[in-house]
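Everything on this sheet refers to the single structure shown next.
Values below: every heavy atom of this structure, side chains too, minus hydrogens, waters and symmetry copies. Quick note on labels: first sequence line is chain A, next is B, and so on, each numbered from 1.
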Amino acid sequence: MKIKEIMYKDISSVDPEISIEILLKVLTKHHRSSIPVVNDDNEVIGMVQVEDIIRGSLPSYYNMIQNTSFIPDMNQLFKRLNSMKTQKVKDIMQTKFISATEEDTNTYVADLMIKNNLQSIPILRNKKLVGVVDRIDFLSSLLVDERK
Amino acid sequence: MGFIGGHTGRMLECLTHDENVTTNFVHIHGETRSNLTIIDSEQNHITTITQSGPKISREELEIFLDRFKKMARISNVIIISGSIPPGIPENIYAALIDIANKENKPCILNCPGKAFEMGVEAGPLVAYPDVRGIPEFYSENINSLNGLFSAGEKIININPKIELVILSKPSIQEIVSVTKSGHYDIEIEDIKMTNLYGFSDSITGGIAYGLTHDHNLLESLKIGLSAGIVKLESIKKYNADLNEIVNEVKRVKMHSILNKKKE
């Protein structure tokens, strides 16, 4: 089966120049944890994930500590998130991202996602977005016949 | 493209995907409206209960405009239709047509009221006003064939980019089209009308299909009208098969009115 048969045919995207505050609103309303970033020609130039925002808002020394549970909660995450709100998407997006084409098979894309620990992956045609695939899409495709 | 919100919005998006259509909706804070149509086929009576649309915030509109600019670049034909939800300025369609024209993309405008009047100034390729329940349009009495042609003539002269005007008035069972070279009184053979819901959407969709498949404007209009016939004769809203639509083209007759006004 080709991935185009199960991909989610939504091509919502964001501009690299929008603020992280707007990005958070878009992700929240779309119930998504990641979204493609496109240029003026509608070509995908990056991916931005909730994980990137959370990672960016954690103090850098957290990377060096194995267990952070002993550090008192000083609302650091909230304060840093607040300070990030005016930053732009282009400052945090991943410009090196993994994508698939609509002609790729579902097994290939599933393997790509598992090996690279991806929650979702953009599906492109000539660099342009034609859909997205989330891990759950593989499982929900099993139910399509039942729905019919 | 458009705005969706809440449970109804999600359902709409899912149903659209089920029809294999790609979407690029802006998800909004409010709830997508529901319109209820009660068809009493025994009494031949239709009741419509229409909700007001959700208010669109400035931020949501900006996101939409950004996406529209990008989509205009990769689109072949752009259809702009429907009433404008609260929170959006009435000149929005004019702004969208300006964007489409800058990208040299043909634009079909189908909407009512002030949004149409402002939009048509920007110069869409096809102008199709929603004149349901309106006795007068562009100072012309449109409850007659001559009035429809006169209104169409005025509209086509607003902007040189406009090449086709469509005016339909179900109350007098007339559909006309006006081009730069002539006027056409459209006749649909043996029509068995159930209701008009989705009629104009079918027409604009059919025209867009024609334009993207190397048909000229009048041929595209015939395809649009055929799609409209399939819709008119079905009580349910459903997506007709292409063959079903093409089969109806022979029922569309376009009578050229040489002297531009029918006596």
Provide the closest heavy-atom pair for Asn42(A) versus Met71(B) in the form atom of the first, atom of the second, distance.
ND2-SD, 3.9 Å
Taking every heavy atom of His27(B) against every heavy atom of Lys29(A), the minimum-distance pair comes out as O-CD, 3.2 Å
Working to the nearest 0.5 Å, report the span between [atom1] of [X] and [atom2] of [Y].
{"X": "Glu13(B)", "Y": "His30(A)", "atom1": "CD", "atom2": "NE2", "value": "7.5 Å"}
{"X": "Glu62(B)", "Y": "Asp15(A)", "atom1": "CD", "atom2": "CG", "value": "11.5 Å"}
{"X": "Ile74(B)", "Y": "Ile11(A)", "atom1": "CD1", "atom2": "CD1", "value": "5.5 Å"}

Would you mind telling me which of Asn24(B), Thr23(B), Asn20(B), Thr16(B) makes a side-chain contact (heavy atoms from CB on, under 4.5 Å) with Lys9(A)?
Asn20(B)
In chain order, what residues pass the side chain to side chain contact (heavy atoms under 4.5 Å, CB included) check against Glu102(A), with sequence neighbours excluded?
Lys4(A), Met7(A), Ile123(A), Arg125(A), Val130(A)
Where on Asn39(A) is there a heavy atom nearer than 4.5 Å to chain B: the side chain, the backbone, both, or neither?
backbone
Other residues, nucleotides and ligands only: do more than 12 of their heavy atoms fall within 6.0 Å of CG on Asn116(A)?
yes
Are there more than 12 heavy atoms of other residues, nucleotides or ligands under 6.0 Å from atom CZ of Arg73(B)?
yes
Where on Ile4(B) is there a heavy atom nearer than 4.5 Å to chain A: the side chain, the backbone, both, or neither?
neither
Of all residues at least two apart in sequence or in a different chain, which pass the side-chain hydrogen bond (donor to acceptor under 3.5 Å, both in side chains) check with Thr50(B)?
none
side-chain hydrogen bond (donor to acceptor under 3.5 Å, both in side chains) involving Ser19(A) - partner list, sequence neighbours excluded:
none
Is there any residue in residues 46-55 of chain A with a non-hydrogen atom under 4.5 Å from a non-hydrogen atom of chain B, and which ones are they?
none
Indicate the ring-plane relationship of His17(B) and Tyr8(A), choosing parallel, tilted or perpendicular according to the 30° and 60° boundaries.
perpendicular
When you measure from the side chain of Arg67(B) to the backbone of Ser12(A), do you find a donor-acceptor pair of N or O atoms at a distance under 3.5 Å?
no
Salt-bridge present (Lys69(B), Asp40(A); N to O < 4.0 Å):
no
